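What follows is a set of notes on a single structure, which appears directly below.
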Amino acid sequence: MIEVAGLTKRFGPTLAVSDVSFEVQKGEVLGFLGPNGAGKTTTMRVITGYLSPSEGRVRVAGYDVVEEPLEAKRRTGYLPEAPPVYPDMTVVEYLAFVARIKGVPRREIQTRIEEVSEKCAVTDVTDRQIGKLSKGYRQRVGLAQALIHNPEVLILDEPTAGLDPKQIIETRELIRGLAGQHTIVLSTHILPEVSKTCERVLVINQGKIVASGTPQELTHRLQGYETVLLTAEGPAAEMMERLQRVSGVNLVEPRDAADSRVTFEVHAEKGHDVRAELARAIVESRWKLLELKTSGLSLEDIFLQLTTKDLGEGPDTSDKSSVVGIV
Amino acid sequence: MRNVIAVAGKELRAYFHSPIAYLVMTVYAALLGFFFYSFTATYVVQSFRIQAMGGGMGAPPMSLNEYIIRPLLAGVLTVVILLLVPLITMRLYAEEKRSGTIELLLTSPLTDLEVILGKFLGAMALYAVLVAMTFLYVGYLFLHGNPNAKPLLAQVLGLLLYGAALLALGMWFSTFTKNQIVAGVVAFAVFLLLFVMDWVTAYGSGRASDVISYLSLTKHFDNFAKGVIDLSDVVFYVSVVVLGIFLTARSVDALKGRA
Ligand SMILES: Nc1ncnc2c1ncn2[C@@H]1O[C@H](COP(=O)(O)OP(=O)(O)OP(=O)(O)O)[C@@H](O)[C@H]1O
Ligand SMILES: [Mg+2]
């Protein structure tokens, strides 16, 4: 439903998103997890057509967002970081305006407004001015706005940010209820949130995808691995097999291959520095060792930058051990 | 078209749900009223004096068009709109950028041009309301005298075109910033500059002066002021509107690169 290939976005000299690729299947709920400034919002803005990509392609429901923006936008509902509401409009006026510009047929506007108001629990404030609503209600109006044209794809940028615990739980339930009928991408920097709402998670840091998988898989990696990147020249299969046999190594995955040069991602048991052993294994087999490094920030370091406190969860979730338990 | 109307309606609604519409209408009405009163008073005094000096019954009455309507529309109003148009245009894009609603507009299935035209038409509608208010005063002259309607229509058409040109440029300035005040001040400064540029040409001569004079927004009003509709003036103002819309479109497109 959503295909992102080689997406790069620069703002002048700053590289906000760097060569990001992923796909989201129909009906799937994908979470973007990353610390502040990771590039979550930027990626979402490109998917929704608000920003143009510097490089790479994005397709929504088969339509390229640059070449056929109107078709892609018709199928996308978007809740930006700050709900894009006009404070001087009432909720009904606002939803009617959004319905019109989203191309909802005139006859259906009234029923659509009623449906989304119901779904997002704003029926009791429909005649109030949006500027006078609480933050939580404004967020729900923002969500109602994203749903008004019943889009196939929903892009939600930090949908629970700034809400109180009760509202967070309600919003998550709402999102889970939307899964299946809509393909959803949501972002958060709150770690426990992804496990509550998402089937699959992309961990993004400094514009790059650093891990992906189900929340369970990520927990597993978080608990068990230390990652080393190793580039060498030689026969790929043999090298991989040899590296696998180094003591302390759990898993070896090829990452890039160019000519006879291969980069492996080596996961080692926690607390083992396997770099010396890996180097020896390569050199003794008379292959050429080109590069060996720990993979920048480890997944755990990135996770530590995330907000681990879950407002919707009660007080005792802020320490690291419980984080691991929750994910 | 449906989209353009939706955006235009939203803009017009926003003007009347904020102090802006009432502010510009009040300022317009007050200035117009003040000058209307003083021109009319002068007119009355002058015509009594002519009669008293024995011009008598035979002399033609002083023209209402020349002594009241023309100075009001071609003199006072062309300056008043330099101040009021920035108040109308400053919020068009700046406010959407500040509140983040620009993200809604740019991610909806609308073309940029539809949004721009909608905003322009919404602003134009408010401006047309202002110009229409002129008739509240001038209508008084028609009730109690018989001024000539033809030059008045040319002057009103000129005001609409002149205003449209300023609105399009003001809208462009409003895309530069998320601060309405900045957008408004820049528009006012530029309009003022364009206005005084005209004085320079009065003293200068030669090529440069000709070019400036041709490009002067005020110069092209001269024929309308005299009550003459010259197609080349109409084309000039329409071209400026098109230019303003084009520049706005380019500026909005640039937002997508580094919003
Ligand atoms: N309009 C812009 N101009 C310049 N740099 C920008 C712009 N927008 C984003 N950036 C930069 O791009 C990087 C990614 O920002 P982005 O907003 O996508 O992060 P994020 O993951 O959404 O963070 P947060 O969790 O704080 O919302 C940051 O370094 C940011 O400073
Ligand atoms: Mg963000």
Side-chain angles (χ1 to χ4, degrees), chain A residues 9-12 14 16 41-42 44-54 63 65-66 68-90 93-94 96-106 109 129-131 142 145-146 148-149 151 155 157, chain B residues 1-23 91-122 126 175 178 180 249-259:
Chain A
K9 180 66 188 176
R10 284 184 211 92
F11 295 104
T14 27
T41 299
T42 306
M44 295 183 140
R45 283 177 164 174
V46 176
I47 297 174
T48 56
Y50 177 67
L51 292 175
S52 53
S54 305
Y63 295 99
V65 297
V66 174
E68 292 176 282
L70 296 188
E71 292 301 328
K73 286 172 184 175
R74 260 190 262 284
R75 291 164 179 80
T76 311
Y78 175 38
L79 173 63
E81 236 164 345
V85 292
Y86 294 101
D88 61 354
M89 289 189 184
T90 66
E93 284 171 334
Y94 174 67
F97 170 67
V98 178
R100 289 180 73 186
I101 62 171
K102 298 284 182 184
V104 177
R106 196 177 293 273
I109 289 182
Q129 259 190 12
I130 299 176
Q145 162 276 131
I148 191 97
H149 54 308
I155 309 286
D157 199 351
Chain B
M1 200 56 208
R2 185 192 159 195
N3 291 334
V4 174
I5 292 170
V7 175
K10 183 217 102 182
E11 295 301 330
L12 199 55
R13 194 194 156 285
Y15 284 124
F16 282 94
H17 277 77
S18 71
I20 292 196
Y22 307 101
L23 177 69
R91 52 166 291 281
L92 283 176
Y93 274 92
E95 190 171 318
E96 308 262 13
K97 285 173 83 170
R98 189 191 48 78
S99 71
T101 45
I102 186 96
E103 285 202 64
L104 170 65
L105 292 182
L106 295 188
T107 60
S108 292
L110 302 169
T111 62
D112 291 351
L113 191 62
E114 284 173 329
V115 176
I116 294 169
L117 288 179
K119 284 181 170 289
F120 177 72
L121 287 183
L126 174 59
T175 58
K178 54 175 82 171
Q180 291 192 49
R250 285 208 17 187
S251 178
V252 170
D253 198 49
L255 293 180
K256 292 179 190 167
R258 41 171 31 267

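Treat the numbers as computed from the prediction; the structure is a model and nothing was measured. Below, chain A is the first sequence line, B the second, and so on; all start at residue 1.
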Which heavy atom in [X] sits nearest to a heavy atom in [Y], and how many Å separate them?
| X | Y | result |
| --- | --- | --- |
| Ala14(B) | Asp88(A) | CA-OD2, 4.0 Å |
| Pro84(A) | Gly100(B) | CB-O, 3.7 Å |
| Leu51(A) | Leu255(B) | CD2-O, 4.0 Å |
| Phe97(A) | Leu105(B) | CZ-CD2, 4.2 Å |
| Arg2(B) | Ile109(A) | NH2-CD1, 4.1 Å |
| Tyr78(A) | Glu103(B) | OH-OE1, 2.7 Å |

If you define the side chain from C-beta out and look only at heavy atoms, does anything of Ile5(B) sit under 4.5 Å from Arg100(A)?
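Result yes, sub-4.5 Å side-chain heavy-atom pair found.
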
Out of curiosity, [X] [atom1] to [Y] [atom2], how far, rounded to the nearest 0.5 Å?
| X | Y | atom1 | atom2 | result |
| --- | --- | --- | --- | --- |
| Lys10(B) | Glu93(A) | NZ | CD | 13.0 Å |
| Thr107(B) | Arg45(A) | OG1 | CZ | 10.5 Å |
| Tyr50(A) | Leu104(B) | OH | CG | 11.0 Å |
| Leu110(B) | Lys73(A) | CG | NZ | 8.0 Å |

Options Leu106(B), Asp253(B), Val115(B), ranked by heavy-atom pairs under 4.5 Å with chain A, top entry:
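The residue among Leu106(B), Asp253(B), Val115(B) with the greatest pair count is Leu106(B).
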
Of the listed residues (Glu71(A), Met89(A), Arg75(A), Arg106(A)), which shares the most heavy-atom pairs with chain B below a 4.5 Å separation?
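Of the candidates given, the most pairs with chain B belong to Met89(A).
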
Is Arg13(B) in contact with chain A via its backbone, its side chain, both, or neither, using a 4.5 Å heavy-atom distance?
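For Arg13(B), the side chain is the part near chain A, not the backbone.
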
Checking Ser18(B) against chain A: side chain, backbone, both or neither under 4.5 Å from a heavy atom?
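Neither part.
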
Tell me, side chain or backbone of Val98(A) under 4.5 Å from chain B's heavy atoms, or both, or neither?
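Looking at Val98(A), just its side chain touches chain B.
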
Side chain from CB out, backbone as N, CA, C, O: work out which of these in Gln145(A) comes under 4.5 Å of a heavy atom of chain B, or both, or neither.
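For Gln145(A), the contact with chain B is made by the side chain alone.
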
N/O donor-acceptor pair under 3.5 Å between Lys256(B) side chain and Val46(A) backbone:
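No.
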
Short side-chain donor-acceptor distance under 3.5 Å, Glu95(B) and Tyr86(A)
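Looking only at side-chain atoms, Glu95(B) and Tyr86(A) do not form any donor-acceptor pair under 3.5 Å.
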
Would you please say whether a donor-acceptor pair under 3.5 Å links the side chains of Lys102(A) and Ser108(B)?
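Yes, because at least one side-chain N or O of Lys102(A) sits under 3.5 Å from a partner of the opposite role on Ser108(B).
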
